[in-house]
Amino acid sequence: MTDERTSEATSRSTRRSFLKGLGSAAAAGSAISVAGLSAADADARGTETETGGWAAPSLSRAPRTRIAADPTDVPPPVDWSAPRSHEITLSCKEVTAEIEPGVTFPYMTFDGQVPGPMIRVRQGDTVQFTLENVSAGAMPHNIDFHAVYGTGGGAEATLAPPGQSQTISFRAEYPGAFIYHCAVPNVDYHIASGMFGLIFVEPKDGLPAVDREFYLGQHEVYTNKPTGTDGEHAFDFDAMTREDPTYVLLNGQKQALTESGFGAMEIEVDETARVFFANGGPNLTSSFHPIGNVWTKAWREGAVASRPDRYVQTMTTGPGSCGVFEMDCPVPETIKLVDHALSRVVRKGFLGEIKVTGDPRPEIFDPAPTST
Ligand SMILES: [Cu+2]
């Protein structure tokens with residue numbers, strides 16, 4: 001989002017207008033910094049650029065341990081036309097890691113990543129699913145698949161104390177993108193600690209082919225210290241009860257999927273992208289928006305048996321739900337993926353980036369037009 005140009009008053013003005021909301025949010029941060037907080041505090045809140053644009057607070061380095069799921073780790077599209085059986089295992093792992101450099105948090109995960117691995121099957125396929133609890137702690141875990149007919153979506157039958165595993169079998173009867181999550185009595189605590197993911201039950205006729213697919217998950221974390229405070233953060237049940245998160249994150253860590261984190265997603269001009277998006281919550285609704293782009297097709301709630309909405313700016317996705325969103329990429333740019341409840345971006349760590357590379361298309365977007 002950094003605007004590096006210092007001339008071209010016209011485009012500057014356009015950009016300022018485009019970023020008006022973000023600039024205002026950053027300006028609020030600046031005002032606070034004048035009141036006596038350190039430069040680091042001000043940086044953590046985002047800054048206005050020389051040209052009036054807005055730059056996300058940046059990380060000097062990525063967290064040391066990666067919890068963030070690789071957004072390109074998407075199972076390939078279904079290429080079979082008769083029902084199949086799958087054996088799938090997920091492991092419950094408790095991992096202490098950094099939310100951002102210097103801030104550690106005791107995550108609970110499926111397979112050591114947030115969101116947990118994406119599962120992809122075809123409608124009518126049967127899954128023999130095993131949940132193994134390999135955590136060293138004392139907590140049992142289980143799993144509730146929203147793609148499953150059956151008590152608790154499989155939660156009761158998969159309850160596994162540490163060192164044990166449980167197996168269920170289910171047939172994927174209906175198509176769509178569905179969340180899965182741990183569903184023990186403190187379900188909100190376990191989801192906020194990272195225990196959610198997405199299963200995509202592909203319709204029998206599949207979806208249209210796209211060039212790239214990405215897998216993303218949003219959730220919020222409640223800790224006992226202010227956002228960005230160095231040291232060990234513990235879980236805070238009171239903050240969760242107030243629905244007042246310390247962090248709101250894309251793929252589990254602050255700005256994980258950006259240039260300054262573990263790297264941006266990449267795509268070339270004229271390619272199409274599909275995003276599988278899960279909002280674990282446990283409490284906040286997402287207003288998921290690609291800055292500088294639009295969701296060309298969007299299946300709300302991941303309901304791919306329905307017709308998609310077209311050219312949608314912001315896809316509202318409630319906690320415990322998913323979405324399947326597509327975009328065209330006609331110009332080179334860096335697309336910022338945000339929850340448009342923007343304080344979550346400016347102050348609570350949410351941000352992803354998709355770098356679109358290729359030749360400029362000035363007839364579509366010209367950042368510095370010359371007069372003729
Ligand atoms: Cu759990």
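Both counts, for ligands and for their atoms, begin at 1 and track the order of listing.
- Aromatic ring centres of F237 and Y189: separated by under 6.0 Å.
- For the side-chain contact (heavy atoms from CB on, under 4.5 Å) test with T130, the passing option among T167, I168, L90 is T167; the others fail.
- Taking a 4.5 Å side-chain heavy-atom cut-off between Ile, Leu, Val, Met, Phe, Trp and Tyr, the cluster of L159 extends to V184.
- Taking 4.5 Å as the limit, every side-chain heavy atom of P162 sits out of range of all side-chain heavy atoms of M139.
- Of all protein atoms, those that are N, O or S and lie under 2.8 Å from the Cu ion (ligand 1) total 4.
- Connectivity analysis of hydrophobic side chains (ILVMFWY, heavy atoms under 4.5 Å, direct or indirect) links V324 to V74, M118, L198, F200, L207, Y215, F276, W299, V304.
- Looking at residues two or more places apart in sequence or on another chain, you find no side chain to side chain donor-acceptor pair (under 3.5 Å) involving E243.
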